[in-house]
2 protein chains.
Amino acid sequence: MLRLSRMTDYAVVALSALGGAEAVRTAPELAAETGLAEPTVAKVLKLLGQAGLVDGLRGARGGYRLARPLSAVTLAEVIVAIEGPIALTACVDGASGGCDTEATCPIRGRWDPVNDAIRNALSAVTIADLAPTSCAAAHRAALALA
Amino acid sequence: MLRLSRMTDYAVVALSALGGAEAVRTAPELAAETGLAEPTVAKVLKLLGQAGLVDGLRGARGGYRLARPLSAVTLAEVIVAIEGPIALTACVDGASGGCDTEATCPIRGRWDPVNDAIRNALSAVTIADLAPTSCAAAHRAALALA
DNA sequence: ACAATCCGGACAAACCCGGTCCGGATTGCA
DNA sequence: TGCAATCCGGACCGGGTTTGTCCGGATTGT
């Protein structure tokens with residue numbers, strides 16, 4: 001299924017919520033807006049902060065703020081921030097030990113074009129493309145129904 | 001990391017071994033050539049057979065045979081055969097229940113262009129591209145060293 | 001000085017995947 | 001006709017990864 005981590009999905013949702021307004025939002029605020037658990041949101045924002053996609057402002061009246069507009073953040077960047085380097089197999093970038101008997105496997109290295117193609121596809125999509133309308137508002141509405 | 005199942009890697013290796021000669025090979029034979037465990041190879045070949053990528057011949061003197069030349073088998077087909085439909089998120093093709101509070105999530109459906117791009121990238125690569133030389137021979141050599 | 005907030009890591013639980021095994025069905029050969 | 005070889009389908013369990021949570025420490029505005 002080429003599974004994408006669920007954390008990455010959360011990251012996109014959190015970024016969309018952050019993109020709704022240009023103000024500083026705290027982690028509990030964003031958790032309430034997205035309907036996700038607060039520690040989980042904090043964890044995702046932490047990762048995004050390390051990657052430089054959001055700015056974390058410490059201290060009282062602190063919170064998180066977008067480092068760039070959503071239209072300048074690609075999906076590839078988010079995936080890298082949450083899941084690490086984009087690669088389909090473990091036999092990449094000198095990960096020795098992953099293949100036991102396949103030390104001389106001729107397939108090794110042949111995946112590179114595929115990986116590049118995937119990276120290009122993911123770099124062509126921005127978070128703004130994924131959440132053109134106000135995602136946060138829709139989530140609030142969904143929560144109101146429950 | 002966009003992890004691809006290890007079974008899919010095995011499938012590529014098994015297909016490459018099958019592509020070496022146009023004869024019928026039994027599962028134990030292929031297991032010995034690829035250096036993989038026999039039940040695992042059998043499982044992979046079973047999946048590939050269900051997908052129509054290989055023909056399984058029953059009875060004595062039976063075995064497996066390529067249904068098509070490797071140059072006509074795309075990586076996307078192998079992935080679909082082993083892992084199921086190619087999609088980055090679970091919020092696809094009416095998988096209700098995956099998203100609990102996000103029944104009306106506006107992001108839903110927006111992943112389709114991304115998924116299509118991934119599919120196209122994976123459909124552009126054939127197994128013959130991944131294993132141009134005799135992979136089986138290299139595996140035998142690696143086993144001889146051990 | 002205090003309160004609010006982010007930061008970093010450690011931790012248990014749940015889920016999924018990898019790998020194995022078994023019995024049944026089917027076919028070729030003696 | 002009987003036997004052996006082989007694929008087929010499913011169930012099963014252990015290990016590992018991911019998920020989600022929590023806690024103490026650092027930092028900053030009031």
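Since we're looking at a predicted model, the values are computed, not measured. These values consider heavy atoms only, across backbone and side chains, with no hydrogens, waters or symmetry-generated copies. Lettering follows sequence order; numbering is per chain, from 1.
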Check every strand shown and say whether B/A42 touches a base, only sugar-phosphate, or nothing at a heavy-atom separation below 4.0 Å.
-> nothing
Describe the nucleic acid contact of B/G63 in one word from base, sugar-phosphate, nothing, applying a heavy-atom distance below 4.0 Å.
-> sugar-phosphate
Of the candidates C/dC6, C/dC17, C/dT20, the side chain of A/R3 sits closest to C/dC17
Side chain of A/A60 (C-beta onward), nearest among C/dT27, C/dA3, D/dT21 = C/dA3
So what does A/L57 touch, heavy atoms closer than 4.0 Å: a base, only the sugar-phosphate, or nothing?
-> sugar-phosphate
Residue whose closest nucleotide on DNA chain C lies nearer the 5' end, A/G62 versus A/K46 = A/G62
Is a salt bridge present between B/R25 and B/E33, judged by a nitrogen-to-oxygen distance below 4.0 Å?
-> yes
Quick one: is A/Y10 getting a side-chain N or O under 4.0 Å of the D/dG20 phosphate, OP1 or OP2?
-> yes
Which of C/dA25, D/dG29, C/dC6 is nearest the side chain of A/R61? It is D/dG29
Which nucleotide, D/dT18, D/dC22, D/dC7, lies nearest any side-chain atom of A/P39?
-> D/dC22
Any side-chain N or O of A/S5 less than 4.0 Å from the OP1 or OP2 oxygen of D/dT19?
-> yes
Lys/Arg N to Asp/Glu carboxylate O, A/E38 vs A/K43, below 4.0 Å = no
Phosphate OP1/OP2 of C/dT20: any B/T40 side-chain N/O under 4.0 Å | yes
hbond_proxy B/K43 side chain to C/dG19 base (donor-acceptor, 3.5 Å cutoff) = yes
Run the salt-bridge test on A/R119 and A/D116 with the 4.0 Å N-O cut-off and return the result as yes or no.
-> yes
Quick one: is C/dG19 close enough that its OP1 or OP2 comes under 4.0 Å of any side-chain N or O from B/R6?
-> yes
Between C/dG8 and A/Q50, is there an OP1 or OP2 to side-chain N/O distance shorter than 4.0 Å?
-> yes
